[in-house]
2 protein chains.
Amino acid sequence: MARIKTDNNVSRKEVIVAKAAVLFREKGFKAASMRDLAESVGVEAASLYNHIKSKTELLHELCFGVANRFMQKMEEVEQEKIPAGEKVEKLLRFHINEMVHHYEEVYVSDREWKHLSDPYLSNFQNQRRIYRKRFAAIIETGIRAKEIEPIDAPTAVLIFLHAISGIESWHRSKQKISAEELENNMITILVDGLYPRK
Amino acid sequence: MARIKTDNNVSRKEVIVAKAAVLFREKGFKAASMRDLAESVGVEAASLYNHIKSKTELLHELCFGVANRFMQKMEEVEQEKIPAGEKVEKLLRFHINEMVHHYEEVYVSDREWKHLSDPYLSNFQNQRRIYRKRFAAIIETGIRAKEIEPIDAPTAVLIFLHAISGIESWHRSKQKISAEELENNMITILVDGLYPRK
DNA sequence: ATTTGTCGCTAACGTATGTTAGTTTGTTAT
DNA sequence: ATAACAAACTAACATACGTTAGCGACAAAT
């Protein structure tokens with residue numbers, strides 16, 4: 001009998017959720033089976049249910065974990081007293097860092113949320129919509145202050161968020177540039193298009 | 001008995017592939033069942049197999065259909081005798097148009113190719129890698145000609161391609177701006193970051 | 001040492017899935 | 001009208017999946 005080993009105040013459930021993130025990322029939620037997950041945890045499939053309620057619970061855990069972190073950062077940034085452009089940059093850097101350092105969870109939350117079931121599904125969709133609205137609002141504030149070029153803010157937000165989720169491919173790439181290089185490259189490319197030409 | 005109705009030289013197989021694109025987009029490849037597809041086509045599940053070999057064949061058809069169109073455009077653009085910046089812009093506009101007008105197929109090809117099986121899988125991955133290399137090469141030519149800012153070309157390519165795939169959300173959005181507006185907004189935001197500041 | 005509760009195991013259930021076999025219906029060509 | 005073919009149907013198969021029930025093994029507390 002092989003117990004799930006848990007170092008340092010990390011519950012067995014958390015171990016399972018972490019392994020699930022890896023698996024859901026590489027196979028997709030539907031294609032990843034509980035038996036796959038069990039094997040990667042080192043245990044029989046049925047044993048998982050001593051720690052979790054269902055497969056979907058794992059997805060909840062992942063999606064809302066990520067969503068909450070982003071929402072919290074949004075609140076933090078909104079309250080700072082700095083120009084809108086800097087707020088945008090701060091948010092972008094946060095996104096990039098999350099993608100680099102919590103790759104699996106962020107990726108899963110981004111691509112697999114469709115498979116949430118309905119009290120949670122609409123909740124999640126709402127959160128995303130709200131997040132984007134608030135992001136766009138920051139950009140629009142910058143535009144009114146003539147600090148940012150007059151572009152369509154919602155489109156800009158879409159571009160930013162999806163551009164960053166492209167780090168997925170960087171993550172798998174062989175000839176990696178460093179994480180800081182990546183971050184600065186992205187900021188250059190994304191943000192420099194924002195400011196008016198002189 | 002309800003036959004699949006086919007107007008205008010369009011084979012029944014093509015009807016099925018088209019419906020599959022819609023279904024795969026909204027549920028994901030794994031979650032979409034052949035019985036779902038059959039219902040949406042208006043026929044029993046088993047009947048589909050008079051026209052197709054397998055579920056995965058539908059995915060091949062979609063993925064390689066899209067990939068081939070992009071490869072062809074790449075060849076076309078490479079051979080034009082225009083500045084690198086304009087080549088980039090042409091490719092981006094093509095991407096945006098494909099995403100707007102062949103939404104379902106492009107989206108599926110982008111997100112569901114993981115579920116291809118192995119002779120096709122590696123083939124598809126190769127095509128993508130090659131496509132990106134050639135795209136990056138164009139940008140690098142522009143950089144050497146001091147026509148484009150010295151940025152990391154592979155990163156720029158990742159950003160561009162993923163940014164455009166974000167149109168997905170625009171497609172579903174209610175308060176749509178027009179397709180041309182969208183295209184021009186995107187080009188402004190993405191391309192303007194490329195040229196050196198004066 | 002005994003109790004108690006946590007955790008993992010085996011076995012199995014019910015359901016959904018992709019696909020095949022064999023048959024019947026409808027259409028097209030002679 | 002009839003033969004020939006295409007395309008739909010019904011029935012069923014094997015497999016894979018999420019999950020439950022019940023039991024045994026280990027660890028912690030008394």
[X] side chain, from C-beta outward: closest of [options]:
X	options	answer
A/Tyr49	C/dC7, D/dT19, D/dA7	D/dT19
A/Lys55	C/dT27, D/dG18, D/dC9	D/dG18
B/Arg12	C/dC7, D/dA11, D/dA7	D/dA7

Starting at [atom1] of [X] and ending at [atom2] of [N], how long is that distance when rounded to a whole Å?
X	N	atom1	atom2	answer
B/Glu44	C/dT24	CD	C1'	14 Å
A/Glu57	D/dG18	CD	C1'	14 Å
A/Leu48	C/dT10	CG	P	13 Å
A/Ile52	C/dT6	CD1	P	18 Å
B/Ile16	D/dA7	CD1	C1'	10 Å

**Request:** Tell me whether the OP1 or OP2 atom of D/dA8 has a side-chain N or O from B/His51 closer than 4.0 Å.
**Result:** yes

**Prompt:** With respect to the phosphate group of C/dC7, does any side-chain polar atom (N or O) of A/Ser47 fall under 4.0 Å of OP1 or OP2?
**Reply:** no

**Item:** Exam field: side chain A/Glu147 to backbone A/Gly85, donor-acceptor pair closer than 3.5 Å
**Value:** yes

**Message:** Between A/Lys55 (side chain only) and A/Ala32 (backbone N and O only), is there a donor and an acceptor less than 3.5 Å apart?
**Reply:** yes

**Message:** Ring centres under 6.0 Å, that's the criterion: do B/Phe70 and B/Phe94 meet it?
**Reply:** yes

Looking at [Y] and [X], is there a salt bridge between them, counting it only when a charged N and a carboxylate O are closer than 4.0 Å?
X	Y	answer
A/Asp36	A/Lys19	no
B/Lys114	A/Glu26	no
B/Glu183	B/Arg93	yes

**Request:** May I ask you to list the residues of residues 26-43 of chain B, by number, that have any heavy atom positioned under 4.0 Å from an atom of DNA chain C?
**Result:** B/Ala32, B/Ser33, B/Met34, B/Arg35

**Asked** B/Leu37 pairs by side chain to side chain contact (heavy atoms under 4.5 Å, CB included) with which of B/Leu23, B/Val22, B/Val43?
**Response** B/Leu23

**Request:** For the residue pair B/Phe135 and B/His95, categorise the inter-ring angle as parallel (less than 30°), tilted (30 to 60°) or perpendicular (more than 60°).
**Result:** tilted

**Prompt:** With a 3.5 Å cut-off and just heavy-atom distances, do the side chain of B/Asn50 and the base of D/dA8 make a donor-acceptor pair?
**Reply:** yes

**Complete:** Note: A/Tyr49 and A/Ser54 closest approach over all heavy atoms is CE2-CA, 4.1 Å

**Item:** Angle of first-five versus last-five pair axes in the helix from C/dA1-D/dT30 to C/dT30-D/dA1, to 10 degrees
**Value:** 10°

